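Given the structure is predicted, the values throughout are model-derived calculations rather than measurements. By convention here, the first residue in the shown sequence is residue 1.
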Amino acid sequence: MVEDPEQSAVRLVLAQPRGFCAGVVRAVETVERALAQQQQAARADGMPVYVRHEIVHNGRVVADLKARGAHFVETLAAIPDGALTIFSAHGVPRAVTEEAAARGLATIDATCPLVAKVHAHARAYVAQGRTLVLIGHAGHVEVEGTLGQVDGPVHLVGSLADVARLDLPADTPLAYVTQTTLSVDDTRGLIAALRARFPDTVGPETRDICYATQNRQVAVRALAEIADLILVVGARNSSNCNRLREIAAEAGRPSHLVEGEADLDRIALGTARTIGLTAGASTPEVQVREVIAALQRRTPLAISVLEGVEERVSFALPSSLSNS
């Protein structure tokens with residue numbers, strides 16, 4: 001009896017949506033346009049484009065932009081006078097923009113508009129006299145940028161235990177903002193705990209929380225309902241990629257974060273007949289396709305796309321680049 005190839009193939013189901021969000025598209029295109037402008041200007045000094053921090057948390061994207069001439073640094077001190085400087089999608093503290101201005105550096109701000117909205121909310125709440133709480137992960141570059149947007153103390157919480165430890169009177173007028181790589185679902189419990197302890201608590205409406213984070217988390221939960229194993233394509237330093245893997249694991253599915261074929265080779269597929277695949281908001285589709293091709297070299301695949309949200313959001317480029 002000849003085995004039907006369709007019957008023997010492993011089913012690979014792709015999440016929808018997955019990969020780049022509008023803020024990442026804008027940030028990457030910002031660097032690409034800036035590089036093109038510098039090349040067209042044929043600057044005699046050959047001054048390159050500098051980017052403070054990785055433009056997005058994805059090694060493949062950063063390596064591609066490096067190959068095209070971008071220089072990535074962690075501090076402004078590493079940038080020579082007169083160089084064009086781009087701030088990453090994660091946003092920067094005000095002290096960084098002030099330092100750049102004091103040095104006379106030409107700057108382009110690639111901060112995601114949704115991160116910029118968080119910054120605006122934070123400043124507005126503090127101006128109203130409220131004590132600010134930031135829901136997020138300590139040390140994350142976006143969190144550092146938000147913490148540096150306001151004068152005075154900001155209380156960072158990332159767990160219910162952190163909320164319980166807040167040493168504030170119960171009648172404190174409180175306001176919260178959240179890291180954009182956390183979803184409505186991620187923050188719901190923490191917000192409820194804040195409001196239970198501090199009745200006078202306000203915060204942004206749920207529609208102001210990053211749409212892309214929420215959509216990708218909803219999609220991976222849907223994948224987990226039908227898949228035996230989940231692959232998340234993306235970088236290990238990407239908060240949203242790590243959270244997607246965690247959500248799949250919380251749903252009871254073996255889940256793995258993979259950057260490429262080397263990671264995939266270390267994963268035992270076992271008896272999995274349906275594999276779900278998604279990618280974080282900073283992962284380019286070319287990286288997804290490479291992982292799929294590597295998987296196809298291991299086993300025959302029947303590929304389909306899970307029905308889901310079709311994102312139509314787009315953000316305008318910084319004004320200095322929009323006509324280039």
Side-chain angles (χ1 to χ4, degrees), residues 14-15 17-36 48-76 78-79 85-92 108 110-112 115 136-145 179-182 210 212-213 216-217 220 230-249 255-267 277-297:
L14 309 181
R18 65 182 181 277
F20 274 9
C21 64
V24 168
V25 170
R26 176 182 184 270
V28 173
E29 189 172 352
T30 293
V31 180
E32 292 173 339
R33 292 283 190 97
L35 288 167
V49 172
Y50 283 79
V51 185
R52 184 188 178 275
H53 194 67
E54 293 184 349
I55 188 67
V56 296
H57 285 158
N58 184 273
R60 174 65 178 269
V61 171
V62 170
D64 178 64
L65 293 172
K66 279 183 178 179
R68 297 167 68 173
H71 290 239
F72 291 86
V73 299
E74 290 302 314
T75 66
L76 295 188
I79 300 175
T85 304
I86 299 176
F87 299 139
S88 79
H90 313 95
V92 297
I108 299 174
T111 299
C112 172
V115 175
H137 299 144
H140 190 279
V141 64
E142 180 190 325
V143 167
E144 295 301 319
Q179 181 180 334
T180 63
T181 50
L182 301 178
C210 178
T213 298
R216 280 152 188 74
Q217 292 189 9
V220 82
I230 301 289
L231 301 176
V232 179
V233 184
R236 289 179 180 81
N237 66 334
S238 166
S239 176
N240 67 85
C241 289
N242 279 288
R243 186 65 186 122
L244 290 175
R245 190 205 61 76
E246 291 168 358
I247 288 170
S255 58
H256 305 274
L257 181 60
V258 297
E259 295 194 67
E261 188 166 7
D263 290 330
L264 190 62
D265 287 344
R266 289 190 285 268
I267 297 169
L277 186 145
T278 189
S282 54
T283 306
E285 185 65 13
V286 65
Q287 192 172 3
V288 173
R289 294 298 168 189
E290 288 174 358
V291 170
I292 293 172
L295 192 57
Q296 284 177 313
R297 289 191 285 272

Chi angles and distances behind the side-chain hydrogen bond (donor to acceptor under 3.5 Å, both in side chains) call for Asn240, Gln217: CA-CA 9 Å; Asn240 67 85; Gln217 292 189 9; over 6 Å; no
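- Considering all non-hydrogen atoms of both residues, Asn242 and Ala235 come closest at ND2-O, 4.3 Å.
- Ion pairing between Asp64 and Arg68 holds under the 4.0 Å rule for side-chain N and carboxylate O.
- Atoms CZ and OG1, from Arg52 and Thr85 in turn, are 10.5 Å apart once rounded to the nearest 0.5 Å.
- No side-chain heavy atom of Val232 sits under 4.5 Å from any side-chain heavy atom of Val258.
- Contact detail for Thr283 and Cys241: the closest heavy-atom pair is OG1-SG, 3.8 Å.
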Worked check of side-chain hydrogen bond (donor to acceptor under 3.5 Å, both in side chains) between Asn58 and Glu259: CA-CA 9 Å; Asn58 184 273; Glu259 295 194 67; over 6 Å; no
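- In this structure the side chain of His137 reaches within 4.5 angstrom of the side chain of Ser239, judged on heavy atoms.
- In plain terms, the two heavy atoms of Thr111 and Gly91 that are nearest each other are OG1-CA, 3.3 Å.
- The existence of a salt bridge linking Asp263 and Arg236 is confirmed by a sub-4.0 Å separation between a basic side-chain nitrogen and an acidic carboxylate oxygen.
- Annotation: the span from Ile55 atom CD1 to Ile86 atom CD1 amounts to 6.0 Å, rounded to 0.5 Å.
- In this structure, OG1 in Thr181 is found 12.5 Å from CZ in Arg216, a value given to the nearest 0.5 Å.
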Ile108 vs Val49, side-chain contact (heavy atoms from CB on, under 4.5 Å): CA-CA, chis, key distance, verdict: CA-CA 10 Å; Ile108 299 174; Val49 172; over 6 Å; no
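- Between Glu32 and Leu65 the shortest side-chain heavy-atom distance falls below 4.5 Å.
- Note that the OG atom of Ser255 and the CD1 atom of Ile247 stand 10.0 Å from one another [nearest 0.5 Å].
- Ser282 approaches Val24 most closely through the heavy-atom pair CA-CG2, 4.1 Å.
- Here CZ of Arg26 is found 11.5 Å from SG of Cys21. Values are rounded to the nearest 0.5 Å.
- A donor-acceptor pair is defined here as one N or O able to donate and one able to accept, closer than 3.5 Å; no such pair exists between the side chain of Thr180 and the backbone of Cys210.
- No side-chain heavy atom of Phe72 sits under 4.5 Å from any side-chain heavy atom of His53.
- Smallest separation of non-hydrogen atoms from Ala70 and Leu35: N-CD2, 3.7 Å.
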side-chain contact (heavy atoms from CB on, under 4.5 Å) evaluation trace for Val286 with Arg60: CA-CA 9 Å; Val286 65; Arg60 174 65 178 269; 3.7 Å; yes
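- In this structure, the separation between CG on Leu231 and CG on Leu244 is 12.5 Å, given to the nearest 0.5 Å.
- Nearest heavy atom pair, residue Thr278 against residue Ala15, reads OG1-CB, 3.5 Å.
- Ring geometry for Tyr50 against His71 counts as tilted: the plane angle lies between 30° and 60°, on a 0 to 90° scale.
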Residue pair His90, Glu144: steps toward the side-chain contact (heavy atoms from CB on, under 4.5 Å) verdict: CA-CA 9 Å; His90 313 95; Glu144 295 301 319; over 6 Å; no
Glu54 and Ser88: CA distance, side-chain angles, deciding distance, side-chain hydrogen bond (donor to acceptor under 3.5 Å, both in side chains) verdict: CA-CA 6 Å; Glu54 293 184 349; Ser88 79; over 6 Å; no
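- A donor-acceptor pair is defined here as one N or O able to donate and one able to accept, closer than 3.5 Å; such a pair exists between the side chain of His140 and the backbone of Glu142.
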